[in-house]
A.B. asks: 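Would you mind keeping the following structure in view while I ask a few things?
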There are 2 protein chains.
Amino acid sequence: MKPHHPIPEASLRRLPVYYRSLQEMLTAGAAQAVSCADLARTLGLDPTLVRKDIEMTGIVGRPRVGYPLADLVRWIESFLGWNRLKGAVLVGAGSLGSALLGYDRFRSHGMEIVAAFDTDPGKIGKRNHGRPVQPLSALPDFVRRTQVLIGVIATPGDAAQSVADLMVAGGILAIWNFAPAHLHVPKHVILQNEDLYHSLASLSFKLESRTRRAETPEEREISYAQDN
Amino acid sequence: MKPHHPIPEASLRRLPVYYRSLQEMLTAGAAQAVSCADLARTLGLDPTLVRKDIEMTGIVGRPRVGYPLADLVRWIESFLGWNRLKGAVLVGAGSLGSALLGYDRFRSHGMEIVAAFDTDPGKIGKRNHGRPVQPLSALPDFVRRTQVLIGVIATPGDAAQSVADLMVAGGILAIWNFAPAHLHVPKHVILQNEDLYHSLASLSFKLESRTRRAETPEEREISYAQDN
DNA sequence: TAGATTGTTAATCGATTAACAATC
DNA sequence: TAGATTGTTAATCGATTAACAATC
């Protein structure tokens with residue numbers, strides 16, 4: 001019984017927050033059941049928002065009780081596909097790429113990076129966190145052979161588009177892009193951007209707005225409008 | 001002449017995309033002026049959306065011509081505060097933290113990480129990408145003394161809240177959080193989350209939806225509604 | 001002048017918030 | 001039963017998209 005409505009991106013991004021909080025409650029072993037109100041209180045979020053998000057996953061709760069804690073955790077896990085391991089390839093074995101290769105927590109969240117690729121001859125042939133680093137040219141064939149569906153890009157910005165093209169050519173269906181680049185991919189490919197400069201822009205603008213306001217109180221009324 | 005309306009988060013996050021594209025045009029040296037339609041075309045975005053975003057920054061263009069390319073680049077830079085260098089401290093000199101310390105591009109985007117902190121005795125006292133790694137306990141005093149306003153958290157999730165508390169105590173006004181943790185900070189503190197699991201949830205869910213649809217065509221109509 | 005583009009106002013869309021009915 | 005919580009429907013809010021007027 002899957003939902004018939006589109007799932008809002010914002011809701012999807014909140015589910016991990018609930019998931020983590022619920023897991024903590026579970027290991028703490030305090031309660032058997034949890035209500036949306038409980039969850040909202042511990043997270044400082046709007047109770048109605050939490051209710052809608054949980055409801056969206058399709059789980060059925062009991063009025064006056066809430067949701068069985070363990071069930072809810074597993075339900076969210078399953079809803080997100082975090083209980084079904086999917087392979088991934090990573091391109092760009094630099095410092096960020098290596099950090100990502102070192103995150104073994106990804107495995108318990110549905111993703112396992114099975115191979116790394118790079119163009120640097122100094123890196124090719126060696127191992128990085130246990131994974132062999134192969135030449136980028138070997139990527140499309142590797143993807144086709146192993147049927148891996150996820151591609152992670154951790155290259156410099158100017159290499160990202162060509163890497164994405166290679167991934168798509170190999171049959172990758174989802175790209176997680178950490179490179180500072182605006183990628184063009186076919187419609188059937190899921191693109192998740194993790195461009196740090198998007199966040200840095202937001203942070204920088206807000207910080208400037210607030211510190212400037214403090215300096216020139218006469219502009220206060222205007223600046224208030226810019227608060228998030 | 002600053003805008004009187006609140007600036008949408010989504011618009012702020014699109015500005016770096018325009019900025020980068022405009023910079024490329026500038027170095028390519030092709031055109032003197034650029035229109036929103038041009039920009040929208042090269043980026044594959046809705047022209048009206050681009051217009052609204054650019055307009056929001058307060059720059060004034062010329063009908064039939066567009067915006068002077070060099071002016072627009074500098075305008076966005078200034079709007080985001082990327083031309084005014086702000087100091088930052090980083091906590092957590094692990095693999096991700098080290099990668100962030102190595103990003104010298106941050107400096108040309110308004111942020112310079114001036115010091116790193118950690119609790120690991122094996123890291124304290126050494127240098128990481130030229131920056132001294134200090135004990136975490138030294139953070140509040142350091143922040144007070146140097147008047148740094150930005151704090152970057154790259155610790156494990158369970159340490160993040162206490163680190164955030166230390167930062168706030170020292171006078172940090174903006175926190176860039178890379179740890180997988182839902183942080184509670186006072187209202188006056190800007191919080192920018194870079195939680196990878198938020199993105200991974202979205203990517204994983206969408207990938208599962210699409211691949212499952214392919215397996216069971218009879219559910220196609222339902223699955224379509226879940227497309228982004 | 002004609003026409004493309006900016007600047008601005010209105011309409012649509014979707015997400016969040018609020019209200020209320022159902023239920024254990 | 002009474003009351004808290006789920007489930008569901010309506011209202012609000014904000015962002016995106018569309019329409020149109022102003023201008024060079």
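Everything numeric here is computed off the predicted structure, so don't read it as measured data. Residue numbers start from 1 in every chain, and the chains themselves are labelled A, B, ... in the order their sequence lines are given, proteins ahead of strands.
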A.B. asks: Produce the list of close N/O pairs, under 3.5 Å, pairing protein atoms with atoms of nucleotides 2-4 of chain C; give distances to one decimal.
C.D. replies:
| unit_1 | atom_1 | unit_2 | atom_2 | d |
| --- | --- | --- | --- | --- |
| C/dA4 | O4' | B/Arg64 | NH1 | 3.3 |

A.B. asks: What are the two closest heavy atoms between A/Val148 and A/Val114, and how far apart are they?
C.D. replies: CG2-CG2, 3.9 Å

A.B. asks: Measuring from the side chain of A/Val60 (C-beta onward, heavy atoms only), which nucleotide among D/dT6, D/dG7, D/dT16 has the closest atom?
C.D. replies: D/dG7

A.B. asks: Closer than 4.0 Å, any side-chain N/O of B/Tyr67 to the OP1 or OP2 of C/dG7?
C.D. replies: yes

A.B. asks: Quick one: ring-ring contact (aromatic ring centres under 6.0 Å, His included) partners of B/His182, sequence neighbours excluded?
C.D. replies: B/His184

A.B. asks: Please determine whether any donor N or O and acceptor N or O are separated by less than 3.5 Å between the side chain of A/Lys52 and the base of C/dT17.
C.D. replies: yes

A.B. asks: Quick one: ring-ring contact (aromatic ring centres under 6.0 Å, His included) partners of A/Phe117, sequence neighbours excluded?
C.D. replies: A/Phe142

A.B. asks: Do the side chain of B/Thr57 and the main chain of B/Asp53 share a donor and acceptor less than 3.5 angstrom apart?
C.D. replies: no

A.B. asks: Looking at residues 40-48 of chain B, who's got a heavy atom less than 4.0 Å off DNA chain D?
C.D. replies: B/Asp46, B/Thr48

A.B. asks: Let me have DNA chain C in dot-bracket notation, would you? Count Watson-Crick plus G-U wobble pairs, both distances under 3.5 Å, and use [ ] for pairs crossing earlier ones and | for inter-strand partners.
C.D. replies: ..||||||||||||||||||||||

A.B. asks: Tell me, which of residues 181-199 of chain A have any heavy atom that sits under 4.0 Å from an atom in DNA chain D?
C.D. replies: none

A.B. asks: Output yes when at least one side-chain N/O atom of A/Arg51 is less than 4.0 Å from OP1 or OP2 of D/dT6, else no.
C.D. replies: yes

A.B. asks: Should A/Glu9 and B/Lys206 be marked as a salt bridge (charged side-chain N to carboxylate O under 4.0 Å, His left out) after you check the CA-CA gap, both sets of side-chain angles, and the distance that decides it?
C.D. replies: CA-CA 10 Å; A/Glu9 177 75 16; B/Lys206 290 174 185 168; 2.7 Å; yes

A.B. asks: Taking the six-membered ring for Trp, are A/His109 and B/Tyr197 parallel (under 30°), tilted (30 to 60°) or perpendicular (over 60°)?
C.D. replies: tilted

